[in-house]
Every structure is written in C-alpha cells, then in structure tokens.
**Student:** 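Pasting a structure below so you can have a look.
Note that these values count all heavy atoms, side chains included, but never hydrogens, waters or copies made by symmetry. Predicted, not measured: the structure shown is a model, and the values here were computed from it.
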Amino acid sequence: TPPHPTEASIPHTPRFPAHANPYDARTPKMRSISKSILRFAKKAEAKRCFSSALLRSNAIKTSALVGANKKVFAEQKRGYKVMNFGGTEEKVIERSDYPPEKLKEIFPGKMAVLGYGTQGRGQALNMRDQGLDVIIGLRKGRTWDIAKEDGWVEGESLFEINEAADKGDVIMYMLSDAGQSMMWSQISPYVTKGKTLYFSHGFSVVFKDLTGVVPPEGVDVILAAPKGSGTTVRRLFLEGRGINASCAVFQDASGKAEEKCEAISIAVGAGYVYKTTFEKEVHSDLTGERGVLMGAIAGMFKAQYDVLRANGHSPSEAFNETVEEATQSLYPLIGENGMDWMFANCSTTAQRGALDWAPKFETATKPVFEELYAAVVDGSETQRSLDKNSQPDYHEELQKELKEYADSEMWQAGVTVRSLRPERQ
C-alpha cells in the first residue's frame, strides 16, 4: 500500500474532494450509503456481515447497527475456509469469523492508534464504529485538528503520542516508516510486558537493523496489512464491503497472537484476510507499490502517451487511449472477472493483438521486476527510502516532484478528460 504521510506532511484540508471524502459519514453520499446499509441489515440479506461507518450523532446509531450485525452473524455460522488458489490451498478468515461482540472480547482494553495519516485515520474510525475503545496519539498541529473534526475528544480519546502509548493496551504504530524509526526511542518505554504491538506494514520490524525498531520480549507483535490506501479502507467499510488484507505474527508472548492478528484485521476494516509473514508482507508490498500498483503503471502510461503524442495524436486522444479507457472500462472488468475473461470478451482484433504482445511486455519488464525484488530483499531499497525521507528538506523537494507530475501535459489533459465524465457535469 502507498505509505501514509507523516503527521507534519498532512495538509489541513483532506487531499480528496469533500464530496468524495470517505472518512466523513456526514456527506449526502455517505448518509445515503449508511441508510442503505441499515435497510440491508434489517432484512438480513447480506452474504457477508458488515459494519457501517458512523460519525458522532449525525450518523446511524451504533446500537441499531450492532443489532443488525448480530442478526446477520447469527444466520451465517461460518468458520474458517480453506480455499484453492490456483492449485495451492490457503486458509481464509472472513468478517463473519469475528463479529463485533467477539472483537470486544478479544480487545477489551484501549486501542492506541499512534499517527493519523490515511491508514491510521481510516483504521481508527473503523474500529470505533465497531465498538472498540479507541484513542488517538498525535502531536498537536494540523492533524490534531483533523482528528477533532472526526469526533475524537481532547483528553478523552485524543492525546499526545507518549500519553496515548502509555494508556494503550494495544499500541498501533501507525506513523510513517521513517517516522517509526525516528520515534521508536520515545515509544519503546511504553511497550511493556503484556501489551500488544501492532503494525500495518512489516517494514520497521523486518529491517530492524536499519530502522532500530526492535520489539521487546513479553509483548505480542502482530500485523494487519490492508491491501489498499487508508482512503479505500475507509470507503469500502462505509459501503459495507471491506477490503482484503493479510495478517501475520512476529512474536507470540501470550499464546493468543494468532487470534489477535486475525481479529484486528477485521476490526480495522477487512472483509477477508489471508495469512502471511512479516517478511513476505513487506517484500511483496514494496515490490507491488514500486511495480504494477504505482511505479510501473505510471511509467507505462507515460511511455505510451509520449509515443502517441510524438506520432501526431492529440492530448485528449492520447490520454483517453492510455489512461481513461483503462481505468474506466477495462480495469474494472479485469477486477471483476479476471484477465482471462477480458481476453475472451473483447473484439477479435484487440484479442489477437493483446495475446501476441503480452509475452513481449513480460520479457521486457521481468528483468526490471527481478532487479526491484532483489533491491527490496537485500535492504538497499529500504536504506534509500529511509535516507530520502529523513532529509530535512525532503518535504519541500517532494512537493516539487509531485508538482512536476501534476503539471505535465498528460496529467493536465487528464484533469480535463475527467471533468467531462457525465457524473461530474
């Protein structure tokens, strides 16, 4: 998942349009979604259990939601599933395995979320909506104000980082990767015997020789890694669906860490969960976000757009054929049905061309992915990331880099193309 920003880097205004704010159940869209979910729950027609998001008194009442959930959970009565993934059997945990009442039994104490970037924010709100006792740990500043807007109350559920860590039974370390390394000396004294230390990314622990984050003995160390940004984690939870996630145990001091890692995955907003290790999570995650999830796809978008423009195609045509058709038409279909279905359900010309060119792109890009994976595993990618993120002028330099992307012809053309979508008229 794309790394969430440090507290200092989060702008006061959320970085998505107000009408699309997935954290805010007060918007007309979210109120409509919440009402629909509640009606759905009362009929007990859901194939999966769910929890709608709530925000203070102007959202759906928690009691009604929990009552509806209990009815759905009672009807499901499903246990763990072992499913076949292309010939390999894996255990899958579903939301029905951990209803809200069971979550509260497993986590009766305080869930201290340290950091309120996109992941911390989304996960904290999702846990609160399922009835867990959540507190937030932050430095005072812009993010503190955002937390107060979300309903966290100073002195009751909103504290300075050290105080929240001291109060927490589960310390959820949700700062950025670089922030976790820099703050560990302040946080570690509060990670005492009997507590649980939670991560959403294996980065700090796996590369502890570089980050200095070494969990003490006597604590459970667990991970839940939602496969998407915190924005998506929150939005899918609000929609009653839930994102997919992986979970892992690094250290089991209590003998209950496996159950905790499964349960907390559901608590933070997952719909279904599969098992992994800290090492495998961080290796696959770093490869994915630098590869097809962001880095590789951005590079391929740019390459195709530039070729089309160099051969006389207009910006609108080049963008539509490179990005808009992919994201608005083909990618959703691939997500719903698979690449095999896409090959079988397109024009004969597109089908033949795609089948013939796919191996060429595979041959061209595989060496780059092999180079990338090796850099992830040997720690050089981690070292580079830490070095960059810890530079005093990193934020300013990053903004210049992002502005260059945003101001490029391709993505400026995209702004205009997106404005023409019927739903934005």
**Student:** Under a 3.5 Å cutoff, is there a donor and acceptor pairing between the side chains of Glu324 and Gln328?
**Tutor:** no

**Student:** Can you name the ring-ring contact (aromatic ring centres under 6.0 Å, His included) partners of Phe250, sequence neighbours left out?
**Tutor:** Phe278

**Student:** Hey, is Glu262 close enough to Lys91 for a salt bridge, meaning N to O under 4.0 Å?
**Tutor:** yes

**Student:** Are Asp387 and Gln383 linked by a side-chain donor-acceptor pair shorter than 3.5 Å?
**Tutor:** yes

**Student:** Are Ser200 and Gln123 linked by a side-chain donor-acceptor pair shorter than 3.5 Å?
**Tutor:** yes

**Student:** Side-chain donor-acceptor pairs under 3.5 Å in residues 346-361, sequence neighbours left out?
**Tutor:**
residue	atom	partner	partner atom	Å
Ser347	OG	Ala350	N	3.1
Gln351	NE2	Phe343	O	2.9
Arg352	NE	Asp356	OD1	3.2
Arg352	NE	Asp356	OD2	3.2
Arg352	NH2	Asp356	OD1	2.8

**Student:** Determine, stepwise, if the pair Val214 / Val205 fulfils side chain to side chain contact (heavy atoms under 4.5 Å, CB included).
**Tutor:** CA-CA 7 Å; Val214 181; Val205 173; over 6 Å; no

**Student:** Per the ring pair (Phe, Tyr, Trp, His ring centres under 6.0 Å) rule, what does the pair list look like for residues 290-324, sequence neighbours excluded?
**Tutor:** Phe319-Trp411

**Student:** Using a 4.5 Å cut-off on heavy atoms from C-beta on, say whether the side chain of Arg128 contacts that of Leu125.
**Tutor:** yes

**Student:** Mind checking what makes ring-ring contact (aromatic ring centres under 6.0 Å, His included) contact with Trp184, not counting sequence neighbours?
**Tutor:** Tyr173

**Student:** Considering only distance and modelled atom types, tabulate donor-acceptor pairs under 3.5 Å from the side chains of residues 156-170, sequence neighbours left out.
**Tutor:**
residue	atom	partner	partner atom	Å
Ser157	OG	Val153	N	2.8
Asp169	OD2	Lys110	N	2.7

**Student:** Is it the case that Thr118 and Tyr116 place a side-chain donor and acceptor less than 3.5 Å from each other?
**Tutor:** no

**Student:** Answer with yes or no whether the side chains of Glu281 and Ser246 bring together a donor and an acceptor at under 3.5 Å.
**Tutor:** no

**Student:** I'd like to check the side-chain contact (heavy atoms from CB on, under 4.5 Å) partners of Ala267; sequence neighbours left out, ordered by chain and number.
**Tutor:** Leu103, Met127, Leu132

